Amino acid sequence: MHWILLTAAGLFEVVWARLLPHTDGLTRVAPTAAFVASLGASMYLLAVASRSIPVATAYAVWVGIGVAGTSLVDIVGDGRPSPQRLLALIALVAAIVGVKVTSTSS
């Protein structure tokens, strides 16, 4: 269950990262409110997940999901992914999976 919460936390990280530019320096109310809500949800879920997952593992997976997800959204939006960028994204996902697989928590 905690791994599901950690995955959700990482997905909320993608949401807030994508919303940040739309806040216009936190001056636009609606995007800023959505940014703060998604940031809060991400942090809360990370905190809950880290109750049973070692914090170093939880943090690495959380950041990895955020980076990989945000990059994937950018690649899809750009429509022209370079082979180097795709290779780096594949390596990142492989590293996230490796951290999860070698974790001592269930």
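In this text, all values refer to a predicted model and were calculated from it rather than measured experimentally.
- In the hydrophobic clustering of ILVMFWY residues, with side-chain heavy atoms under 4.5 Å counting as a link, L5 and W16 come out apart.
- Considering CG of L11 and CD1 of I65, their distance stands at 6.5 Å, rounded to 0.5 Å.
- With T23 contributing its side chain and R28 its backbone, the two residues share no donor-acceptor pair below 3.5 Å.
- At a threshold of 4.5 Å between side-chain heavy atoms, the hydrophobic network of Ile, Leu, Val, Met, Phe, Trp and Tyr places F35 and V67 in one connected group.
- We find the CG-CG distance between L92 and L87 to be 11.5 Å, quoted to the nearest 0.5 Å.
- Rounding to the nearest 0.5 Å gives a distance of 8.5 Å between OG of S50 and CG of L6.
- Hydrophobic cluster membership differs between M43 and V48, with clusters built from Ile, Leu, Val, Met, Phe, Trp and Tyr side chains linked at under 4.5 angstrom.
- For the atom pair H22 NE2 and T32 OG1, the distance stands at 11.5 Å (nearest 0.5 Å).
- Residues L39 and V15 fall within the same hydrophobic cluster, defined by Ile, Leu, Val, Met, Phe, Trp and Tyr side chains chained together at heavy-atom separations under 4.5 Å.
- Atom CZ of residue R18 and atom OG of residue S38 lie 12.5 Å apart, to the nearest 0.5 angstrom.
- Across all non-hydrogen atoms, the minimal contact from G10 to W62 is N-CD1, 3.6 Å.
- L46 CG to H2 NE2: the interatomic distance, rounded to the nearest 0.5 Å, is 11.5 Å.
- Hydrophobic clustering, defined by side-chain heavy atoms of Ile, Leu, Val, Met, Phe, Trp and Tyr closer than 4.5 Å, leaves I90 isolated from every other such residue.
- W3 and I96 fall within the same hydrophobic cluster, where Ile, Leu, Val, Met, Phe, Trp and Tyr residues are linked whenever their side-chain heavy atoms come under 4.5 Å apart, directly or through other members.
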